[in-house]
Amino acid sequence: MEFLIIGVVILFVFMYRTHKGESVYKFIVQQVGVAYEKFAPYSFKVMREKAKELGQEYTVRQYTMQVIIFATIAGLVGYLYNYNLFITIIYIVLAVSVIPYLTYLRCKRIYSEFIFEQVQVYTTNTIMEFRTTNAFVKALEGVVESGVLEEPLLSDVKMMISLSYQNGDIYESIRYMDNKYPYYIVKNMHQLFLQVTKEGAKDTAETFENMLSDIDMLVENVYRDRMDRQSFHKQFVQYGVILYALIMLIQLLLGTESYINMLDMWFVRVLVNLIVVINTYFLLSGEKYYNENVGAE
């Protein structure tokens with residue numbers, strides 16, 4: 001253990017001397033950034049850029065605080081469960097290494113919320129434009145010109161317009177949008193426009209009005225679900241963190257010295273660490289549930 005600590009110190013000094021005039025922290029951030037640009041999936045890059053654009057991406061200070069909190073909790077849990085410095089360091093490293101995954105989940109949630117809001121804007125405004133133009137493509141052009149859409153939906157609607165003029169009908173453009181955004185409000189609206197196109201522009205005011213009401217109801221339900229998720233998530237995380245303190249109750253009942261003696265038996269050490277693994281899996285599964293399928297129907 002002493003050699004490990006000395007090795008870490010030597011590595012720190014070497015990095016500091018090698019990058020003189022530049023903080024080690026800045027050097028590490030730059031190297032992580034290079035690796036990120038090289039290996040991160042394109043979709044994640046898009047989601048993270050959108051989170052930054054929306055002002056919801058963490059600052060360096062927030063990420064630093066997250067690292068400190070995760071490392072502190074992992075250090076306490078690792079030491080209280082094992083009373084072993086080496087295992088505690090492993091716990092800290094593993095806990096900090098989870099942060100990129102949590103970042104991915106959070107950015108995915110933010111991006112999903114943004115896409116759903118844009119889908120709602122697309123469907124609502126297309127119906128309202130159609131009331132004036134009585135033509136699907138003209139309605140799409142009106143939505144584009146209104147400036148209410150943002151990327152990536154803006155480019156996708158422009159693609160729909162291009163496909164419609166290229167093919168002389170709306171079928172391919174609707175198929176393109178349905179595959180790109182498989183929300184039932186999108187499919188239902190497109191199906192209605194297909195019906196109107198085939199049968200001619202009849203009096204569909206009441207039908208479109210009902211669809212707008214359905215969209216409003218869906219949006220209300222999604223936002224209510226979002227608030228419920230946030231409330232559940234807060235309680236869930238608190239409960240999960242408290243479960244780590246179960247070891248303190250065990251030591252209170254057995255006595256710390258007796259507990260440390262029991263750790264000499266390999267199966268006891270396996271069991272206590274299995275408690276941590278199960279609780280961590282429980283927490284990560286909850287985080288995945290909270291951040292995924294937001295706005296899904």
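For reference, positions follow the sequence shown, starting with 1.
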Minimum heavy-atom distance [X]-[Y], with the two atoms named:
X: Gln120; Y: Ile215; result: CG-CG2, 3.9 Å
X: Tyr122; Y: Leu153; result: CB-CD2, 3.9 Å
X: Gly78; Y: Thr88; result: C-OG1, 3.5 Å
X: Tyr259; Y: Leu80; result: CE2-O, 3.7 Å

CD of Glu172 to CG of Leu163, rounded to nearest 0.5 Å, is 6.0 Å

Return the CD to CD distance between Glu53 and Glu151, rounded to the nearest 0.5 Å. 9.0 Å

Steps toward side chain to side chain contact (heavy atoms under 4.5 Å, CB included) verdict (Thr124, Leu212): CA-CA 6 Å; Thr124 301; Leu212 286 174; 3.9 Å; yes

Given Asp178 and Arg175, is the side chain to side chain contact (heavy atoms under 4.5 Å, CB included) satisfied, shown in steps? CA-CA 5 Å; Asp178 284 348; Arg175 191 179 302 113; 5.8 Å; no

Using a strict 4.0 Å threshold on nitrogen-to-oxygen distance, state whether Asp228 and Arg224 make a salt bridge. no

By the definition side-chain contact (heavy atoms from CB on, under 4.5 Å), identify the one residue from Thr126, Ile170, Ile174, Thr123 that meets it with His190. Ile174

If you take the centroid of each ring, where Trp contributes its six-membered ring, are Phe236 and Phe282 closer together than 6.0 Å? yes

Would a line drawn from the ring center of Phe130 to the ring center of Phe136 be shorter than 6.0 Å? no

Give the intermediate values and the outcome of side chain to side chain contact (heavy atoms under 4.5 Å, CB included) for residues Val272 and Ile250. CA-CA 10 Å; Val272 296; Ile250 295 175; over 6 Å; no

Of the options Gln56, Glu287, Glu57, which is the one that meets Arg106 in a side-chain hydrogen bond (donor to acceptor under 3.5 Å, both in side chains)? Glu57

Verify the neighbour count for atom CE of Met128: are there more than 12 heavy atoms of other residues, nucleotides or ligands below 6.0 Å? no

Kindly determine whether Ile68 and Thr72 satisfy side chain to side chain contact (heavy atoms under 4.5 Å, CB included), including the steps that lead there. CA-CA 6 Å; Ile68 292 172; Thr72 301; 4.0 Å; yes

